[in-house]
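Comments concern the structure below.
Counting begins at 1 with the first residue of the sequence. Only this structure's heavy atoms are used, side chains among them; waters, hydrogens and symmetry mates stay out.
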Amino acid sequence: MLRYVFLLLILFSSQLSAQNSFSINGSFQDFNGIIYLKYDAKVDSCTVTNGDFTYSGNIDQTTPASFFIKDEKQVYYNIFVLEPGELAVKVDTVTRVYDGEPVCRLSTKVTEGGSTNTLLDSFQTRLMQNASAMQGKSVDERKQFYVDELRQFYAQHPTEIASLILVEQASPAFSQQELVSFYNNLDAGIQDSYYGISLKKSIDKNSKAEIHQPIMDFSQESLSGELISIRDLRGKYVLVDFWASWCGPCRAENPNLLKIYELYKDLGFEILGVSLDADRESWGKAIQADGLTWLNVSDLQGSQNEVARMFGVYAIPDNILIDREGRIVARQISLEQLNQLLSDVL
């Protein structure tokens, strides 16, 4: 009898392992050599031969992952969703020039396999099919369109990790009550996944950045090494602007933000840029190239910037507007709304 029970345990254990196993068939054209995969706090490698590679392993749950290479040029890479089963991926590189320096971007796309990736692709297709209705619309209208589409999507797939991923990424656009309701309706296993834990952190941190509440105190160093605290700026309206040198949308907004700053800086308005850069030189070059004359700070921890994590910032551009008493007035305010509000109060 004991031998039978022991055999069942072995079979059950092997089934669990198989459920969590994954395999990747990848293509990486015009590249031969070592490519690295980072997932679940692990970094492993495989060899690309004639543009093809394979990799297999085990994961506890669906998790973010990224491929990267060691290159002379500074390399940025995107994150993809790694899930159990067989996946086909395509890796590609795009080299662009920023401030006279070539920067290589490594892009990974899941082209086949995985229910989560299939659902994420279906949402993107849905957006593209309805995108024509947004032509000529304002930034606020386009944001509202995205949020409305996402609400419909997660209403159709309320317990899927794909919905969880999308909601977590767009969490600042939802009310605290809606996020809590969505999270509570998830199965316990999904709540305990990487994405579920991440959403819970956003909920907890966003509760510390509620409208009309005092902003939590923080301080970081400027490019010159001066320690700047948000508390030092009391008495002014302050836009805490989360950005980075490598963020295209952030850099595209800077000229218009600069116009607003020039209009109101002498009337009691200040901007505190919090950079999610990891490289001091790139950060400094971007400040100079964009002519940013407002305060800028960073801890050079990249996406792990302490202030960004404090307020649940996982995508940029993002911002928090506070009033003269240090109370939060708005979160993710658009430039149009910012200009109107400052015009009214200053």
When hydrophobic residues are tied together by side-chain contacts of less than 4.5 Å, even through go-betweens, does [X] share a cluster with [Y]?
| X | Y | answer |
| --- | --- | --- |
| Leu87 | Ile79 | no |
| Ile197 | Leu166 | no |
| Val43 | Phe53 | yes |

Measure the [atom1]-[atom2] distance between [X] and [Y] for me, rounded to the nearest 0.5 Å.
| X | Y | atom1 | atom2 | answer |
| --- | --- | --- | --- | --- |
| Glu226 | Ile228 | CD | CD1 | 4.5 Å |
| Ile287 | Leu223 | CD1 | CG | 5.0 Å |
| Arg280 | Leu300 | CZ | CG | 5.0 Å |
| Met128 | Thr125 | CE | OG1 | 8.5 Å |
| Glu178 | Tyr154 | CD | OH | 3.5 Å |
| Glu149 | Arg126 | CD | CZ | 5.0 Å |

- Which residue, Ile215, Val240, Leu239, Val238, forms the side-chain contact (heavy atoms from CB on, under 4.5 Å) with Leu321?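 That would be Leu239.
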| field | For Tyr237, the option from Ile322, Val345, Leu338 that meets side-chain contact (heavy atoms from CB on, under 4.5 Å) | value |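 Of the listed options, the one satisfying the test is Val345.
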query: Within 45° of the ring axis of Tyr36 and under 6.0 Å from its six-membered ring centre, is that where the NZ or CZ of Lys70 lies?
result: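 Yes, a cation-pi geometry holds between Lys70 and Tyr36.
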Near [X] [atom1], under 6.0 Å, is it more than 12 heavy atoms from other residues, nucleotides or ligands?
| X | atom1 | value |
| --- | --- | --- |
| Lys265 | NZ | yes |
| Lys143 | NZ | yes |
| Phe269 | CZ | yes |
| Glu306 | CD | no |
| Asp217 | CG | yes |
| Gln152 | CD | yes |
| Gln156 | CD | yes |
| Glu86 | CD | no |

_Aromatic contact, Tyr146 with Phe153 (centres under 6.0 Å)_ =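 No, too far apart.
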- Message: Between Tyr55 and Phe67 (judged by ring centroids, cut-off 6.0 Å), do the two rings come close enough to count as a pair?
- Response: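 No, too far apart.
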Is a side-chain donor or acceptor of [X] paired with a backbone partner of [Y] at a separation under 3.5 angstrom?
| X | Y | value |
| --- | --- | --- |
| Ser275 | Ser298 | no |
| Asp40 | Lys42 | no |
| Asn339 | Ile260 | no |
| Asp277 | Ser245 | yes |
| Asp241 | Asn319 | no |

Exercise: identify the closest heavy-atom pair between [X] and [Y]:
| X | Y | value |
| --- | --- | --- |
| Ala244 | Arg251 | O-CD, 4.1 Å |
| Ser171 | Leu179 | O-CD1, 3.6 Å |
| Thr159 | Leu186 | CA-CD2, 4.3 Å |

Side-chain contact test, heavy atoms from C-beta onward, threshold under 4.5 Å: evaluate it for [X] versus [Y] and give yes or no.
| X | Y | result |
| --- | --- | --- |
| Val81 | Tyr195 | yes |
| Ser282 | Trp246 | no |
| Pro158 | Asn185 | no |
| Leu267 | Leu342 | no |
| Thr93 | Phe28 | yes |

| query | Are Asp318 and Phe311 close enough, and set up right, to give a side chain to side chain contact (heavy atoms under 4.5 Å, CB included), and what steps lead you there? | reply | CA-CA 10 Å; Asp318 198 351; Phe311 294 110; over 6 Å; no
Original post:
So Glu262 and Thr293, side chain to side chain contact (heavy atoms under 4.5 Å, CB included) or not? Walk me through it.
Top reply: CA-CA 9 Å; Glu262 291 298 325; Thr293 55; 3.9 Å; yes
| Applying the side chain to side chain donor-acceptor pair (under 3.5 Å) test to Glu83, which of Thr62, Thr116, Thr63 qualifies? |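 With Glu83 as partner, Thr62, Thr116, Thr63 yield a single side chain to side chain donor-acceptor pair (under 3.5 Å), made by Thr116.
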Discussion item. Please determine whether salt bridge (Lys or Arg N to Asp or Glu O under 4.0 Å) holds for the pair Asp121 and Lys109, giving the CA-CA distance in whole Å, both sets of side-chain angles, and the decisive distance to 0.1 Å.
Written reply: CA-CA 10 Å; Asp121 286 342; Lys109 169 68 176 175; 2.9 Å; yes
| request: Go through Tyr183 and Gln191 one step at a time and tell me if the side chain to side chain contact (heavy atoms under 4.5 Å, CB included) criterion holds. | output: CA-CA 7 Å; Tyr183 176 82; Gln191 287 181 347; 3.7 Å; yes
Discussion item. Please evaluate residues Leu272 and Phe218 with respect to the criterion side chain to side chain contact (heavy atoms under 4.5 Å, CB included), reporting the C-alpha separation (whole Å), side-chain torsions for both, the decisive distance (0.1 Å), and the verdict.
Written reply: CA-CA 12 Å; Leu272 180 61; Phe218 67 85; 3.8 Å; yes
Intermediate values then yes/no, side chain to side chain donor-acceptor pair (under 3.5 Å), Ser222 and Ser224
CA-CA 5 Å; Ser222 68; Ser224 63; 3.0 Å; yes
